There are 2 protein chains.
Amino acid sequence: MYKTKTISIAFKQHNHNACWGNAMQAAQEYCDKHKLKFTPARRKVLELLLSEHRALGAYKILDLLREAGFKSQPPVAYRALEFLVENGFAHKIERLNAFVACTLHGTEHSPTFMICRQCENVAETYSPASNLNLSESAEASGFKIEQTIIEARGVCNSCAKTEIL
Amino acid sequence: MYKTKTISIAFKQHNHNACWGNAMQAAQEYCDKHKLKFTPARRKVLELLLSEHRALGAYKILDLLREAGFKSQPPVAYRALEFLVENGFAHKIERLNAFVACTLHGTEHSPTFMICRQCENVAETYSPASNLNLSESAEASGFKIEQTIIEARGVCNSCAKTEIL
DNA sequence: TATTATTACGTTATAATATTGCAATAGGAG
DNA sequence: CTCCTATTGCAATATTATAACGTAATAATA
């Protein structure tokens with residue numbers, strides 16, 4: 001499952017083994033440092049999310065947990081996801097009612113997601129300019145932004161190339 | 001139900017009767033012009049959405065439809081909502097799994113929503129700058145945006161004033 | 001170590017949101 | 001009128017998410 005050396009992430013080629021390993025290690029270190037319990041279920045869910053750069057629904061995760069020998073009632077998945085999201089290891093993609101592993105952990109961020117409608121990969125980007133812009137115009141019109149969700153749907157370059165026009 | 005002369009919209013005072021009436025009339029005219037069937041259920045759902053500047057869930061709408069003597073199976077609401085969204089009369093707020101009437105109909109737009117966590121009003125704004133920004137940076141990183149969802153959660157000024165600090 | 005508080009887990013049940021499929025019907029185009 | 005298509009009625013079901021509550025594990029304090 002984790003053998004592929006290089007797949008598309010954020011629509012770029014990269015060494016996914018390294019990507020996966022670094023993220024898991026960073027999560028472990030962060031949990032150690034902050035006295036968070038990186039329990040088997042939480043770890044497994046993060047591993048699953050990291051296995052591809054796609055969003056997985058809670059019930060898909062539940063299936064995969066079951067296959068891996070974990071208990072499989074909905075709360076098992078939702079609790080693990082809640083932990084991962086709260087601590088910045090994963091994000092919920094509202095449009096898809098699904099979850100992706102965070103690829104920018106550690107940096108305080110307000111991410112923008114690019115969702116390819118064809119390959120369904122999800123890339124996380126950090127766009128300070130857009131966020132600042134938004135905050136300023138909101139402020140001007142009498143609204144104080146506390147959190148922003150930005151999700152873009154479209155096609156990545158490699159999928160665009162294969163499209164029938 | 002529609003008697004209040006002036007309520008908060010987009011966190012601004014306005015004549016809501018006029019707001020409501022204009023929107024309904026514009027919808028009617030648009031449907032006439034484009035040969036769209038503005039059926040009783042569709043009309044009623046738009047009326048409900050326009051009654052306040054808040055997002056209503058599909059099942060809330062269903063309750064209100066029932067009260068108004070309509071049939072009340074889920075597809076009744078979902079079909080009407082689908083029609084309204086497709087034709088730009090309403091938008092789905094993904095964060096809330098709920099729907100709001102569009103306040104910028106006619107203008108081709110990619111809206112940004114400001115959701116007050118206290119009064120729950122939802123304001124729709126048009127932010128060409130942010131969208132352009134986003135498109136450009138996406139383009140640069142090899143992604144072609146087709147649709148963008150921007151939803152900000154926060155507090156409006158009048159709610160902020162009443163908050164205990 | 002014993003006691004208490006807190007956090008996480010196991011389990012059952014149910015709530016909330018959304019869709020599918022198919023038959024019946026209404027309205028417009030020819 | 002007749003055909004065609006869009007819409008509606010209806011039943012069932014799929015998908016996503018949470019509530020409630022007892023037990024087990026861990027941490028904090030005495």
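Labels below follow one simple rule: chain letters A, B, ... track the order of the sequence lines, proteins then strands, and each chain is numbered from 1. Just so it is clear, the model here is predicted, and its values are computed rather than measured.
Applying the 6.0 Å contact sphere to NZ of K92(B) captures more than 12 heavy atoms from other residues, nucleotides or ligands.
Remark: S137(B) engages no residue in a side-chain contact (heavy atoms from CB on, under 4.5 Å) (not counting sequence neighbours). By the side-chain contact (heavy atoms from CB on, under 4.5 Å) test, Q28(A) is found to be paired with D32(A), F38(A), R43(A), residues two or more places apart in sequence or in another chain being considered. For R54(A), the side-chain hydrogen bond (donor to acceptor under 3.5 Å, both in side chains) partners are E52(A), not counting sequence neighbours. Contacts of E146(A) classified as salt bridge (Lys or Arg N to Asp or Glu O under 4.0 Å), with partners at least two apart in sequence or in another chain: R117(B). Taking the side-chain contact (heavy atoms from CB on, under 4.5 Å) definition, one finds that A68(A) meets it with K44(A), F70(A), sequence neighbours left out. Residues forming a ring-ring contact (aromatic ring centres under 6.0 Å, His included) with F143(A) (at least two apart in sequence, or on another chain): F11(B).
The distance between atom CZ of F38(A) and atom C1' of dT26(D), rounded to the nearest whole Å, is 18 Å.
Across all their heavy atoms, A80(A) and A41(A) have their closest contact at CB-O, 4.2 Å. Across every non-hydrogen atom of H105(A) and N87(A), the tightest pair is NE2-O, 3.1 Å. Across all non-hydrogen atoms, the minimal contact from L56(A) to L48(A) is CD1-O, 3.8 Å. Shortest non-hydrogen contact noted between V122(A) and A55(A) is CG2-N, 4.1 Å. In plain terms, the two heavy atoms of I61(A) and A77(A) that are nearest each other are CG2-CB, 4.2 Å.
Residue order along DNA chain D, read from the 5' end via each residue's closest nucleotide, puts L36(B) first among L36(B) and G57(A).
Relative to the axis of its first five pairs, the axis of the last five pairs of the helix from dT1(C)-dA30(D) to dG30(C)-dC1(D) sits at 30°, rounded to 10 degrees.
Rounding to the nearest 0.5 Å places CZ of R95(A) at 14.0 Å from CZ of F113(A).
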Under 3.5 Å between N/O atoms: give me all the protein pairs with nucleotides 4-6 of chain D, atom names plus distance.
none

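Here I149(A) sits alone; no ILVMFWY side chain lies under 4.5 Å from its own, so it joins no hydrophobic cluster.
Within a heavy-atom distance below 4.0 Å of DNA chain C, the residues of residues 75-85 of chain B found are P75(B), Y78(B), R79(B). Interface residues of residues 88-99 of chain B facing DNA chain C, ordered by number: K92(B), N97(B); criterion, heavy-atom separation under 4.0 Å.
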Does the pair D63(A) and R66(A) meet the rule for a salt bridge (Lys or Arg N to Asp or Glu O under 4.0 Å), with working shown? CA-CA 5 Å; D63(A) 286 345; R66(A) 181 184 299 114; 3.1 Å; yes
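Remark: ring of Y59(A) stacked against base of dT16(D); centroid gap under 5.5 Å, plane tilt under 30°.
Contacts between chain B and DNA chain C, taken as any atom within less than 4.0 angstrom of a protein heavy atom, begin and end at dT17(C) to dG21(C).
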